[in-house]
Amino acid sequence: MKFTIKRTAFMNQLNNVSRAISSKSTIPILLGIKMTATEEGITLVGSDTELSIEGFLPIKDESLGLSIESTGSVVVTSRYFLEVIRKLPADTVTVEVNDQAIVNIQSGQSHFTLNGIDGNQYPLLPEIISEESIQLPTELFKELIAQTIISTSNQETRPILTGVNITLKGKQLTGVATDSHRLSQRTIEIMNDQELEIESMTIPKKTLNELSRIVEDEDHIKLIISDEQLIFALKNLTIYSRILEGNYPDTDRLIPTEHATRIVVNADTFYHAIDRASIMSNQGKNNVVRLEIEDQRVELSVYGSQLGSSNEAIETQTVTGESLQISFNPDYMKDALKTFNGTDIQMDFQSNVRPILLTAVEDETSSANLIQLLTPIRTH
């Protein structure tokens, strides 16, 4: 196998596929990137068995400066191969692989050799035969990911909570995530010409994180679904992912429909006030901020910190309902507030032990159909 290509374009696609590779893999061959040269172009694959990313560099794309002298396949250690390609001196790079899977890399006056593995030993990618697919609007779907992924769990004790659950009814696609301390839900409208329905599908956090980082501002992402696998198909890039097994909890019943107290406040104004309060709360054993609502006055305070205390009156637009004192984790609240992109929000409270509901005031904003829910902290 031998080919020459522009180094920057090669590096970009190598970076994409390497995102699927885990440095902790116990399978040595999965620490590598598989490169395959055919008459049509170069295919790159990275995988950790649960997430696989396949990138393609087509020979017909003149901007790549790609020429292929001979075809073949090899697996080369991702970490060192990327480091070498990244630091090469010239604009182009030539990669040649001999019969012993030795990878020769030439660029300018620099020459490297790396030991490779025969590409035929690399695990095959999942074969998905399915005609069920939907077109996802890229910008809106990336928003949905950013606004819900904050509430996914990091604990493997309940694996189903480590992903974002997706449902599709008609043209309404809803993503929801919860770690049992907070909940995030966003609904977007998509084209659904096949009238496909998704009753429940939980996508791993890592898959969605990498998709958000990789995907550019294309018009749509094609999502292909099968029983246990799904594919995100982009231009010259394909992301394969498993679907998390298990039944996702019924989160609809957790979202309150009534409130005893409501305040309307700007998300950024409230965020910065909590950020200031966090200076004190993060120093104590318990990272807690208290919100007090009484007689049209809303105040944030922190007490019991080894460093000291703080209190600040919050500028609100309206305050209605009963007086209330409630405590919460300021880091969770800041995560929730950031998803509203500086719009005005309403915060609904039932009592000091019931979840706090955050929604956007203006339905026309990009935060429309967004719900954030936080469980308060009981204090004595």
Side-chain angles (χ1 to χ4, degrees), residues 1 3 5 10-38 41-57 71-87 93 95-105 112-129 149 152 154-156 159-160 162-163 202-215 224 226-234 236-246:
M1 178 173 80
F3 64 87
I5 190 170
F10 190 38
M11 192 69 220
N12 287 342
Q13 201 67 303
L14 285 169
N15 280 332
N16 287 338
V17 301
S18 69
R19 293 184 181 278
I21 298 171
S22 171
S23 60
K24 300 176 182 178
S25 178
T26 56
I27 305 171
I29 201 167
L30 292 183
L31 295 172
I33 288 177
K34 181 183 178 182
M35 289 188 294
T36 304
T38 64
I42 306 295
T43 300
L44 306 171
V45 178
S47 178
D48 66 357
T49 70
E50 295 185 355
L51 171 68
S52 301
I53 301 177
E54 180 182 67
F56 184 60
L57 297 157
T71 61
S73 182
V74 72
V75 180
V76 62
T77 304
S78 169
R79 175 184 170 189
Y80 298 110
F81 189 63
L82 264 70
E83 193 72 5
V84 168
I85 300 300
R86 183 180 293 113
K87 295 184 177 180
V93 55
V95 177
E96 184 174 7
V97 183
N98 65 19
D99 294 339
Q100 286 73 47
I102 302 298
V103 183
N104 293 282
I105 306 159
F112 289 83
T113 60
L114 292 174
N115 296 325
I117 304 172
D118 184 349
N120 292 322
Q121 297 182 35
Y122 198 83
L124 295 175
L125 290 175
E127 186 175 350
I128 298 182
I129 303 172
I149 206 165
T152 54
N154 295 316
Q155 305 298 321
E156 291 294 338
I160 195 70
T162 62
T202 306
I203 307 174
K205 176 194 291 190
K206 181 179 179 181
T207 300
L208 295 174
N209 263 331
E210 301 308 341
L211 176 69
S212 289
R213 290 169 181 158
I214 291 171
V215 66
I224 305 166
S226 74
D227 291 338
E228 298 177 357
Q229 293 279 337
L230 56 87
I231 289 180
F232 291 101
L234 315 169
N236 296 327
L237 197 73
T238 308
I239 298 174
Y240 301 77
S241 174
R242 70 183 178 109
I243 298 171
L244 291 176
E245 295 180 2

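N236 has its side chain out of reach of L57: every pair of non-hydrogen atoms, C-beta onward, lies at least 4.5 Å apart. Side-chain contact check for V75 versus Q121: every heavy-atom pair is 4.5 Å or farther apart. Using a 4.5 Å heavy-atom threshold, the side chains of L82 and M11 count as touching. Looking at V215 and F232, their side chains never come closer than 4.5 Å, going by heavy atoms from C-beta outward. Here the side chains of T152 and T162 are not in contact, with every heavy-atom distance at 4.5 Å or above. Side-chain contact between T238 and E54 is present, with at least one heavy-atom pair separated by less than 4.5 Å. Under the 4.5 Å side-chain criterion, counting only non-hydrogen atoms from C-beta, P123 is in contact with L30. Taking 4.5 Å as the limit, every side-chain heavy atom of T77 sits out of range of all side-chain heavy atoms of L114.
To the nearest 0.5 Å, atoms CD1 (I224) and CD (Q229) are separated by 12.0 Å. E245 CD to T202 OG1: the interatomic distance, rounded to the nearest 0.5 Å, is 11.0 Å. Between the CD1 atom of I203 and the CG atom of N209 there is a distance of 12.0 Å, given to the nearest 0.5 Å. In this structure, CD1 on I85 lies 15.5 Å from OH on Y80, to the nearest 0.5 angstrom. Distance check, rounded to the nearest 0.5 Å: OG of S212 to CD1 of I149 gives 6.5 Å. For the atom pair T49 OG1 and I27 CD1, the distance stands at 6.0 Å (nearest 0.5 Å).
The two residues K206 and R19 come nearest to each other via the heavy atoms CE-O, 3.7 Å. When all heavy atoms of S78 and S18 are compared, the closest pair comes out as OG-CB, 3.8 Å. Closest approach of S52 and L125 over heavy atoms only: CB-CD2, 3.5 Å. Taking each heavy atom of L230 and I243 in turn, the nearest pair found is CD2-CG1, 3.7 Å. What you find for G46 and I21 is that their closest heavy atoms are CA-CG1, 3.9 Å.
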Check against side-chain contact (heavy atoms from CB on, under 4.5 Å), K34 and S73: CA-CA 7 Å; K34 181 183 178 182; S73 182; 3.4 Å; yes
Please assess M1 against E96 for the test side-chain contact (heavy atoms from CB on, under 4.5 Å), listing each intermediate value before the final yes or no. CA-CA 6 Å; M1 178 173 80; E96 184 174 7; over 6 Å; no
Given the rule in the side-chain contact (heavy atoms from CB on, under 4.5 Å) test, do Q13 and I42 qualify, once you have shown the distances and angles that lead to the verdict? CA-CA 10 Å; Q13 201 67 303; I42 306 295; over 6 Å; no
Apply side-chain contact (heavy atoms from CB on, under 4.5 Å) to the pair E210 and L51, showing each step before the final yes or no. CA-CA 10 Å; E210 301 308 341; L51 171 68; 4.0 Å; yes
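Residues meeting the side-chain contact (heavy atoms from CB on, under 4.5 Å) test with V17, sequence neighbours left out: I33, L44, I53.
Under the salt bridge (Lys or Arg N to Asp or Glu O under 4.0 Å) criterion, the residue pairs touching residues 76-85 are E83-R86, E83-K87, with sequence neighbours excluded.
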